[in-house]
Amino acid sequence: MRHKILVTGGTGYIGSHTTVQLQQAGFDVVIIDNLSNSRREVLDGIEAITGIRPEFVEGDCTDIETLRRLFREHPGIDGIINFAASKAVGESVHKPILYYRNNLGTLLNLLECMPEFGVKGIVFSSSCTVYGEPDKNPIDESAPIKAATSPYGNTKQISEEIIRDVITSGAPVKSILLRYFNPIGAHPSAKIGELPLGVPQNLVPYVTQTAAGIRKELTVFGDDYDTPDGTCIRDFIDVNDLAKAHVIAMKRMLDNPDGEKLEVFNLGTGRGLSVLELINAFEEASGVKLNYRIGPRREGDIEKIWANPEKANTVLGWKAETPIRDTMASAWRWQLTLSNPNEKQPS
Ligand code: WQD
């Protein structure tokens with residue numbers, strides 16, 4: 001029987017790529033999104049890739065009656081993947097109530113609805129931010145959770161605890177917490193990708209916008225870190241690889257009723273790349289010379305973090321496999337599509 005999955009935040013960056021992978025794996029998808037940080041046209045992109053238009057509900061998950069109506073009108077939802085959340089670290093410092101209300105309110109409502117409507121499992125988007133500055137790299141799931149440095153990071157830690165407490169209480173639900181490292185890139189078709197509103201805060205959209213001439217230059221935030229080239233190190237993971245892990249996690253929860261009720265996995269490549277190495281990979285993949293300069297450190301940045309993804313590799317049988325060059329090429333193709341929406345891209 002085909003499983004039906006609710007993807008909250010499904011028109012967003014990771015949600016849209018995951019919807020594509022779910023559909024291609026034979027799942028039916030219902031999306032709920034309030035379009036606060038995404039556009040309805042993303043549904044066209046998904047449909048152009050898979051040939052299937054996901055069912056779409058425009059609504060806010062912080063309103064439990066909206067969710068109850070959705071579950072009544074779309075009966076038979078087996079699982080939820082929860083992407084609906086605010087995600088800008090800096091903004092969260094200035095608007096903590098918004099972040100706690102959105103991120104925790106949504107999760108609480110979903111967990112409350114699950115037993116009411118017979119939904120068996122929830123995959124939760126967590127983050128490597130829960131580890132703070134690691135004592136050692138690569139970092140595995142048993143590493144200590146460090147005090148959060150932003151309200152955003154705190155919502156991820158609290159969300160993990162809420163899910164743990166609900167499962168401990170004996171609620172008839174299962175969960176898999178996925179701790180993402182740094183998702184980048186776009187679908188190879190360039191029909192969906194990241195849509196940063198305003199000035200991008202993250203490295204790759206800033207890189208591609210600079211290369212496209214939308215921004216004058218990229219500032220590399222510090223080259224005096226204790227790393228080989230002095231710039232920070234991250235574990236950049238292709239968004240399509242990341243999306244595939246959600247499909248595997250969902251199958252694992254739904255197909256093994258007697259399996260673990262709560263599991264946590266790091267989703268990274270296991271390879272750390274510095275900011276300068278990432279820029280080089282972009283230049284190679286795009287053939288564009290990037291205009292950048294070295295600037296001061298950004299407050300709150302972690303010096304180096306990369307994943308030990310062994311647990312996901314062995315237990316889930318999942319591995320991030322897209323070469324960084326392909327990922328940077330997809331990010332660039334997507335940027336060109338955004339800059340020239342009417343121009344057909346070379347395939
Ligand atoms: C990467 C590196 C910057 C922009 C992200 C998310 C955060 C969390 C973890 C989900 C850093 C440098 C950046 C620029 C630069 N994800 N940089 N110039 O800091 O790892 O955080 O992953 O929970 O929400 O934001 O990612 O892309 O912002 O930065 O030099 O213009 O690029 O200093 O070293 P980060 P990022």
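One-based numbering, in listed order, for ligands and for the atoms of each.
The list of side chain to side chain donor-acceptor pair (under 3.5 Å) pairs with a residue in residues 243-256, not counting sequence neighbours, reads Tyr180-His246, Arg252-Glu263. Each side chain to side chain donor-acceptor pair (under 3.5 Å) pair with one or both residues in residues 128-151, not counting sequence neighbours, appears once here: Ser127-Thr129, Tyr131-Arg179, Tyr131-Asn266, Asp135-Lys146, Asp140-Ser142.
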- prompt: Are Tyr206 and Gln201 close enough, and set up right, to give a side-chain hydrogen bond (donor to acceptor under 3.5 Å, both in side chains), and what steps lead you there?
  reply: CA-CA 7 Å; Tyr206 210 107; Gln201 306 299 312; over 6 Å; no

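Closest to atom 24 (O) of ligand 1, if we only count protein heavy atoms, is Val89 CG2, 3.5 Å. Among protein heavy atoms, atom 34 (O) of ligand 1 sits closest to Cys232 CB, 3.0 Å. Of the protein's non-hydrogen atoms, the one nearest atom 2 (C) of ligand 1 is Val275 CG2, 3.8 Å. Among all protein heavy atoms, the one lying closest to atom 19 (O) of ligand 1 is Arg298 NH2, 2.9 Å. Closest protein heavy atom to atom 8 (C) of ligand 1: Thr129 CG2, 3.5 Å. Atom 33 (O) of ligand 1 has its closest protein heavy atom at Asp301 OD2, 2.4 Å. Ranking protein heavy atoms by distance to atom 16 (N) of ligand 1, first place goes to Ser127 OG, 3.8 Å.
At a 4.0 Å heavy-atom cut-off, ligand 1 touches Leu218 through the side chain alone. Only the side chain of Arg234 comes within 4.0 Å of ligand 1, counting heavy atoms alone; its backbone N, CA, C and O stay farther away. When non-hydrogen atoms are compared, ligand 1 lies under 4.0 Å from the side chain of Asn182 (C-beta onward) but not from its backbone.
Backbone and side-chain nitrogen or oxygen atoms of Leu203 are examined, and one is located within less than 3.5 angstrom of a nitrogen or oxygen of ligand 1. At least one N or O atom of Asn202, backbone or side chain, sits closer than 3.5 Å to an N or O atom of ligand 1.
With ligand atoms numbered from 1 in the order given, ligand 1 contributes 30 (O) to contacts under 4.0 Å with heavy atoms of Val220. Close approach of ligand 1 to Gln201 (heavy-atom distance below 4.0 Å) involves ligand atoms 4 (C), 28 (O). Each of the atoms 14 (C), 15 (C), 18 (N), 30 (O), 31 (O) of ligand 1 lies under 4.0 Å from some heavy atom of Thr219.
Ile46 contributes atom CD1, which lies 10.0 Å from atom CG of Leu22 (distance to the nearest 0.5 angstrom). The OG1 atom of Thr106 lies 7.5 Å from the CG atom of Leu67; values are rounded to the nearest 0.5 Å.
A salt bridge links Arg234 with Asp301: at least one charged nitrogen is closer than 4.0 Å to a carboxylate oxygen. Ion pairing between Arg164 and Glu161 fails under the 4.0 Å rule for side-chain N and carboxylate O.
The heavy atom nearest to atom 30 (O) of ligand 1, out of those in Phe221, Phe181, Tyr152, is found in Phe221.
Of the listed residues (Ile192, Leu195, Ile32, Leu43), just one forms a side chain to side chain contact (heavy atoms under 4.5 Å, CB included) with Thr11, and that residue is Leu43.
Under a cut-off of 6.0 angstrom, the local environment of CG in Leu197 is crowded, with over 12 non-hydrogen atoms contributed by other residues, nucleotides or ligands.
Considering all non-hydrogen atoms of both residues, Ala190 and Trp334 come closest at O-CE3, 3.4 Å.
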